[in-house]
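Residue numbers run from 1 in the order of the sequence given.
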Amino acid sequence: MTERRASWKAASPRTGPNDPERARLLEAARDVLERSGWWGFKVRSVLRQADLSTRSFYRHFDSKSDLLVALLQRELGSAAERLRRVTAAAETPSAQIRVYLTAMVDTAYDPQTAKQSSLFAVHWRELLPGHSDTINSCMTHLVQPLMDAVAAGAASGEVSSTVPSADAWAIFYLVAGMTADQAASRVPMPRAEFENIITPFVERAIGLVPN
């Protein structure tokens, strides 16, 4: 198996992220992950779903974890773009911070995103040791709109933050961790109750004026 795999890779160099076959594998992986869960996720199930061969798989990925990281990167990239878009649409730094928090909470309570969030939220740390650069880059893109908003708020006097980047990361990890727990919970707390925990903490942490 090792020799065959090496020959495939030598004969077929890696293709770009927009390669149709790679996209097909990622779509199939997403379907299998949603259907089978993390522990039931098998490459052979992905190949069956995509109607592709093992050779096709190794043209793009070295292992199951590489496939999962690529899927995580795609999902987090979409989430980061959504956060950037909704945050940029708000008129003031304070409003940008609030809509960012709302969008983060959406990942746990919006039916379209909650299931995928819960699948990765519980297990993404297992991928970190071998893919730390990729995952850290994804996290930086997720937190960037909040960093920009906190920095702008500090400059305008709307918030009190001496180190906006550190404050933004602290808020992000708090909110991301709590939303991940709710997304993975069989019985999440009501959204209003959840937001009543998150929002006052953030307001106190950076001097954000309450609504």
V99-L101 co-clustered via ILVMFWY side chain contacts under 4.5 Å:
no
Decide, yes or no, whether a salt bridge links D106 with R191 under the criterion of side-chain N to carboxylate O below 4.0 Å.
yes
Gap between atom CG of L52 and atom CZ of R59 - 0.5 Å precision:
8.0 Å
When rounded to the nearest 0.5 angstrom, what distance separates CG in L76 from CG in L83?
10.0 Å
Would a 4.5 Å heavy-atom cut-off, applied to side chains only, mark S156 and P93 as touching?
yes
In terms of side-chain heavy atoms, does Q73 have a donor or acceptor partner in T134 at a distance below 3.5 Å?
no
Cluster check W169, I198: I/L/V/M/F/W/Y, side chain < 4.5 angstrom:
yes
Do you know which two heavy atoms are closest between A154 and S161, and how far apart they sit?
CB-O, 3.6 Å
Interatomic distance, M189 atom CE to D181 atom CG [nearest 0.5 angstrom]
9.0 Å
Give a yes or no on whether V163 and L208 share a hydrophobic cluster (residues Ile, Leu, Val, Met, Phe, Trp, Tyr; joining criterion: side-chain heavy atoms under 4.5 Å apart).
no
Considering residues, nucleotides and ligands other than E193, do more than 12 of their heavy atoms fall under 6.0 Å from its CD?
yes
Between the side chain of S36 and the main-chain N/O of L33, is any donor-acceptor distance below 3.5 Å?
no
Working to the nearest 0.5 Å, report the span between CZ of F57 and CZ of R22.
11.0 Å
My understanding is that only residues two or more places apart in sequence, or in another chain, count here; which of them pass side chain to side chain donor-acceptor pair (under 3.5 Å) with D31?
Q49
I'd like to know if the side chain of S65 pairs up with that of S63 as donor and acceptor (distance under 3.5 Å, no hydrogens or angles considered).
yes
Can you see which heavy atom on S56 is nearest to which on L25, and at what distance?
O-CD1, 4.1 Å
Pair Q96-T87, side-chain donor/acceptor within less than 3.5 Å
no
Does any N or O in the side chain of S45 come within less than 3.5 Å of the main-chain N or O of V32, such that one atom is a donor and the other an acceptor?
no
With a 4.0 Å cut-off on N to O distance, would you call E27 and R74 a salt bridge?
yes
I need the F61 CZ to L26 CG distance, nearest 0.5 Å.
4.5 Å
If the threshold is 4.0 Å, N to carboxylate O, is there a salt bridge linking R98 and E203?
yes
Establish whether V202 and Y109 are linked, either directly or via other cluster members, by ILVMFWY side-chain heavy-atom contacts under 4.5 Å.
yes
With a 4.5 Å cut-off on side-chain heavy atoms, are L71 and R30 touching?
yes
Do E158 side-chain atoms and S94 backbone N/O form a donor-acceptor pair below 3.5 Å?
yes
Under 3.5 Å, which donor-acceptor pairs do the side chains of residues 140-148 form with other protein atoms, sequence neighbours left out?
residue: T140; atom: OG1; partner: N136; partner atom: O; Å: 3.0
residue: H141; atom: ND1; partner: S137; partner atom: O; Å: 2.9
residue: Q144; atom: NE2; partner: D148; partner atom: OD1; Å: 2.9

For residues V150 and V159, report the shortest heavy-atom separation together with the two atoms involved.
O-CG2, 3.7 Å
Check whether W39 and V69 end up in the same hydrophobic cluster, where Ile, Leu, Val, Met, Phe, Trp and Tyr are linked by side-chain heavy atoms less than 4.5 Å apart.
yes
Give a yes or no on whether a salt bridge exists between E81 and R84, defined as a side-chain N under 4.0 angstrom from a carboxylate O.
yes
Once you round to the nearest 0.5 Å, how far does OG1 of T179 lie from CZ of F172?
8.0 Å
Regarding D66 and H60, do their side chains bring together a donor and an acceptor under 3.5 Å, going by distance alone?
no
